[in-house]
Peer 1: 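Below is one structure. I have some questions about it.
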Amino acid sequence: MSVSETERNERIRLKLAAWWETNARDLPWRFGRATPWGVLVSEVMSQQTQMSRVVPYWETWMRAWPDAAALADATTAEVITAWGRLGYPRRALRLQECARVVRDRYADELPRTYEELTGLPGIGDYTASAVLSFAFGERIAVIDTNIRRVLARVFRGVESLGGAAAPAERELANRVLPEDTARSVTWNQSVMELGATVCTAKSPLCDDCPVREDCAFLAAGRPGLGERRTRPRQRFAGTDRQVRGLVLNALRGLPTDKDASAGPAGPAGPADAVTGTPVLPRADVEALWTDHIQLDRCIASLDEDGLIEILPDGGVRLPR
DNA sequence: CTCCCGACGA
DNA sequence: TCGTCCGGAG
């Protein structure tokens, strides 16, 4: 790295750090207010889900299950219900599996190596790196869609392309990561935050950007702005994802025994005699979606995922 | 319609 | 490396 390049990087780092001080969103798991486990939960909830939607779920979740051991002891039905409408409910299943591994294999203490973290259910490259940086304060380059976009724009003057992070992108991320450990954490957080709130994909707010004077992308006239960088997202309407969501949403809405005993007598629906888990009868299942071929395919896939259980009479329920 | 702090299996 | 998995906001 040349002297001038080093100086430029340092200038950018200082501006971002100052910007972070006054512009960081006050998320409840930031600024040392959450345990490493709490940070991990926030990262899992944030996978493909906006922070603004995550915050209330995280608050409720952490009150119910403050640590891995508590989550490990919950029933799967409770976990799926608490996941609510965050989307991608398999994440909730994996998070509980993760909690059980942490409790059983790691004595309820989150491991702090990349290899061990990525070995946990639902924890991939991004989440492992984020936990190491944000929860444990280790020096490691965090690579997510926001950071890839910001680094590509500021340092290379181009839009980041879709697909997996290329080796060149990882090299760049490691090259510009501050040597000082504490500064590397602030760097990761500030670059990510800039990408989420200012240096957005389609319409970046360059006038409000703290590094607009140093940005290669802006200097080049923002070539190819808004160019599709990620692979096209699957549409939603009419897909299996929508149908699966309908089924789970119906199951989440069923009154439980707690509702019956606590509140104004809600109609306690049909429940399994042994477990007490509320059951959605086959007739109610069929009322959810007219295409029964697709519906049954989704019921089967939900069962395979462990998100529901199918009873002999065709009714379904959340797993215990 | 696209986008949002991805992970996983085929 | 690609397809799948949710849902809401802009």
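Residue numbering restarts at 1 for every chain, and letters A, B, ... go by the order of the sequence lines.
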Peer 1: Identify whether the distance between the nearest side-chain nitrogen and carboxylate oxygen of R8(A) and D214(A) falls below 4.0 Å.
Peer 2: no
Peer 1: Do Q50(A) side-chain and dG7(C) base share a donor-acceptor contact under 3.5 Å?
Peer 2: yes
Peer 1: Give a yes or no on whether a salt bridge exists between R244(A) and D296(A), defined as a side-chain N under 4.0 angstrom from a carboxylate O.
Peer 2: no
Peer 1: Using a 4.0 Å heavy-atom cut-off, does D305(A) contact any base of the nucleic acid, only the sugar-phosphate backbone, or nothing at all?
Peer 2: nothing
Peer 1: Hey, which sits more toward the 5' end of DNA chain C by its nearest nucleotide, K202(A) or G84(A)?
Peer 2: G84(A)
Peer 1: Does dG8(C) have OP1 or OP2 under 4.0 Å away from a side-chain N or O of R85(A)?
Peer 2: yes
Peer 1: When the side chains of residues 191-203 of chain A are checked against the rest of the protein, which donor-acceptor pairs come out under 3.5 Å, sequence neighbours left out?
Peer 2:
residue	atom	partner	partner atom	Å
E193(A)	OE1	R25(A)	NE	3.4
E193(A)	OE1	R25(A)	NH2	3.0
E193(A)	OE1	R30(A)	NH1	3.4
E193(A)	OE1	R30(A)	NH2	2.7
E193(A)	OE2	R25(A)	N	2.9
E193(A)	OE2	R25(A)	NE	3.0
E193(A)	OE2	R30(A)	NH1	3.2
T197(A)	OG1	E193(A)	O	2.9
T200(A)	OG1	S203(A)	O	3.2

Peer 1: Could you tell me whether the side chain of R53(A) has a donor or acceptor atom within less than 3.5 Å of a complementary atom in the base of dG7(C)?
Peer 2: yes
Peer 1: When you measure from every atom of DNA chain B, which of residues 12-34 of chain A have a heavy atom less than 4.0 Å away?
Peer 2: R25(A), L27(A), R30(A)
Peer 1: Under a 4.0 Å threshold between the charged nitrogen and the carboxylate oxygen, would E5(A) count as salt-bridged to R175(A)?
Peer 2: yes
Peer 1: Which whole-number value in Å describes the distance from D125(A) CG to dC8(B) P?
Peer 2: 11 Å
Peer 1: NA contact type, G124(A), heavy-atom cut-off 4.0 Å: base, sugar-phosphate, or nothing?
Peer 2: sugar-phosphate
Peer 1: CG of L93(A) versus P of dA7(B): gap in Å, rounded?
Peer 2: 17 Å
Peer 1: Nearest whole Å is fine: how far is dC4(B) P from I147(A) CD1?
Peer 2: 13 Å
Peer 1: Without placing hydrogens or testing angles, list every side-chain donor-acceptor pair under 3.5 Å for residues 215-226 of chain A, not counting sequence neighbours.
Peer 2:
none

Peer 1: Could you name each residue pair satisfying ring-ring contact (aromatic ring centres under 6.0 Å, His included) that touches residues 47-74 of chain A, not counting sequence neighbours?
Peer 2: W29(A)-W58(A), W61(A)-W65(A), W61(A)-W83(A)
Peer 1: Quick one: which of dC8(B), dC4(B), dT4(C) gets closest to the side chain of R149(A)?
Peer 2: dC4(B)
Peer 1: Rounding to a whole Å, what distance do you find between E43(A):CD and dA7(B):P?
Peer 2: 9 Å
Peer 1: Using the C1' atom as the point on both nucleotides, what is the distance between dT1(C) and dC4(B), in whole Å?
Peer 2: 22 Å
Peer 1: Give, ordered by number, those residues of residues 166-181 of chain A having at least one heavy-atom distance below 4.0 Å to an atom of DNA chain B; if nothing qualifies, reply none.
Peer 2: none
Peer 1: Which residues satisfy the side chain to side chain contact (heavy atoms under 4.5 Å, CB included) test with N23(A), sequence neighbours excluded?
Peer 2: W19(A)
Peer 1: May I have the distance from I80(A) (atom CD1) to dC5(C) (atom C1'), rounded to whole angstrom?
Peer 2: 14 Å
Peer 1: Hey, which of these two, P121(A) or N146(A), hits DNA chain B nearer its 5' end, going by closest nucleotide?
Peer 2: N146(A)
Peer 1: Within the pair R148(A) and dC4(B), is there a side-chain N or O less than 4.0 Å away from OP1 or OP2?
Peer 2: no
Peer 1: Tell me whether the OP1 or OP2 atom of dA7(B) has a side-chain N or O from T127(A) closer than 4.0 Å.
Peer 2: yes
Peer 1: Could you check whether R244(A) gets within reach of a base, just the sugar-phosphate, or nothing at all, counting any heavy atom under 4.0 Å?
Peer 2: sugar-phosphate
Peer 1: For the pair made of OH in Y57(A) and P in dC4(B), what is the distance, rounded to whole Å?
Peer 2: 21 Å
Peer 1: For the pair D240(A) and R297(A), find out whether any cationic side-chain nitrogen is under 4.0 Å from an anionic carboxylate oxygen.
Peer 2: yes
Peer 1: Without decimals, in angstroms, what is the distance between Q47(A) CD and dA7(B) P?
Peer 2: 5 Å
Peer 1: Quick one: R91(A) CZ to dG6(B) C1', roughly how many Å, whole number?
Peer 2: 9 Å
Peer 1: Say we look at dG8(C) and dA7(B): how far apart would their P atoms be, to the nearest angstrom?
Peer 2: 22 Å
Peer 1: Using the side chain to side chain contact (heavy atoms under 4.5 Å, CB included) criterion, which residues pair with T35(A)? Sequence neighbours excluded.
Peer 2: W37(A)
Peer 1: Only pairs at least two apart or in different chains count here, so list each salt bridge (charged side-chain N to carboxylate O under 4.0 Å, His left out) that has a residue in residues 66-77 of chain A.
Peer 2: D73(A)-R103(A)
Peer 1: For residues 129-143 of chain A, tabulate all N or O donor-acceptor pairs below 3.5 Å that involve a side-chain atom, not counting sequence neighbours.
Peer 2:
residue	atom	partner	partner atom	Å
S129(A)	OG	D125(A)	O	2.9
S133(A)	OG	N188(A)	ND2	3.1
E138(A)	OE2	R112(A)	NE	3.3
E138(A)	OE2	R112(A)	NH2	3.4
R139(A)	NE	P178(A)	O	2.8
R139(A)	NE	E179(A)	O	3.3
R139(A)	NH2	L177(A)	O	3.1

